[in-house]
Amino acid sequence: MSLIDVAKWRFLVNRDPEFIIAARYWNALLKVRIGEQGCILRIREGQITDVEETPTLFDAYDIEVAAPEEDWRKFLEPIPPPFYQDVFSAAMRHSFTVGADLENLFAYYPAARRMFELMRGARVED
């Protein structure tokens, strides 16, 4: 994806102590869409074990977080504007969508929130 280095994001997440504790036992396929681009992160027992960087419409996922590229740019700023600090508030106030298995997502929301915070550290500078 053009806005983030997915390999770096995976590295940051899998080595983050806060994520590791919050994500224990989490199993999910998390699809992230930035505009027309996307990836699917395979999370197994609280670790990102695999990344599909060119998913198709037919690839399965449990949870999807999506937004236009311009909204992701705001979300990924070092100090995001109001309501871009978190994907849930961005979905309530902006163009983000969060869907599919919300029970799975909210059971591990602290882990997901930390994962998206760490995404800022993997942003590719323009």
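The structure displayed is predicted, hence computed values, not measured ones.
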Distance-only, no hydrogens or angles: does the [X] side chain make a donor-acceptor pair with backbone N or O of [Y] under 3.5 Å?
| X | Y | answer |
| --- | --- | --- |
| R114 | V13 | no |
| D62 | L29 | yes |
| R10 | I48 | yes |
| Q85 | F83 | yes |
| W72 | R33 | yes |
| D59 | C39 | no |
| E53 | V6 | no |
| D5 | V124 | no |

Minimum heavy-atom distance [X]-[Y], with the two atoms named:
| X | Y | value |
| --- | --- | --- |
| A28 | I63 | CB-CD1, 4.3 Å |
| N27 | R44 | OD1-CA, 3.2 Å |
| F75 | P80 | O-CG, 3.8 Å |
| L12 | L118 | CD1-O, 3.7 Å |

Inset, instruction - Could you pull out all residues at least two apart from E77 that satisfy side-chain contact (heavy atoms from CB on, under 4.5 Å)? - result: K74, P81, R123
Inset, instruction - Could you pull out all residues at least two apart from I21 that satisfy side-chain contact (heavy atoms from CB on, under 4.5 Å)? - result: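 Scan of I21 (side-chain contact (heavy atoms from CB on, under 4.5 Å), adjacent residues dropped) gives R24.
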Inset, instruction - Would you mind reporting whether E45 and Y25 have side-chain heavy atoms less than 4.5 Å apart? - result: yes
Inset, instruction - Could you grab the distance from atom CD of E36 to atom OG of S2, nearest 0.5 Å is fine? - result: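 OG of S2 is found 11.5 Å from CD of E36.
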Legend entry - Mutual orientation of the aromatic rings belonging to F88 and Y109 [parallel < 30°, tilted 30-60°, perpendicular > 60°]: perpendicular
Inset, instruction - Could you check whether the rings of F116 and W9 sit parallel, tilted or perpendicular, using 30° and 60° as the cut-offs? - result: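 Correct class here is tilted.
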Residues in side chain to side chain donor-acceptor pair (under 3.5 Å) contact with [X], at least two apart in sequence or another chain:
| X | value |
| --- | --- |
| Y61 | none |
| S95 | D71 |
| Q47 | none |
| E70 | none |

Legend entry - Connected via hydrophobic side-chain network under 4.5 Å: F11 and I20: no
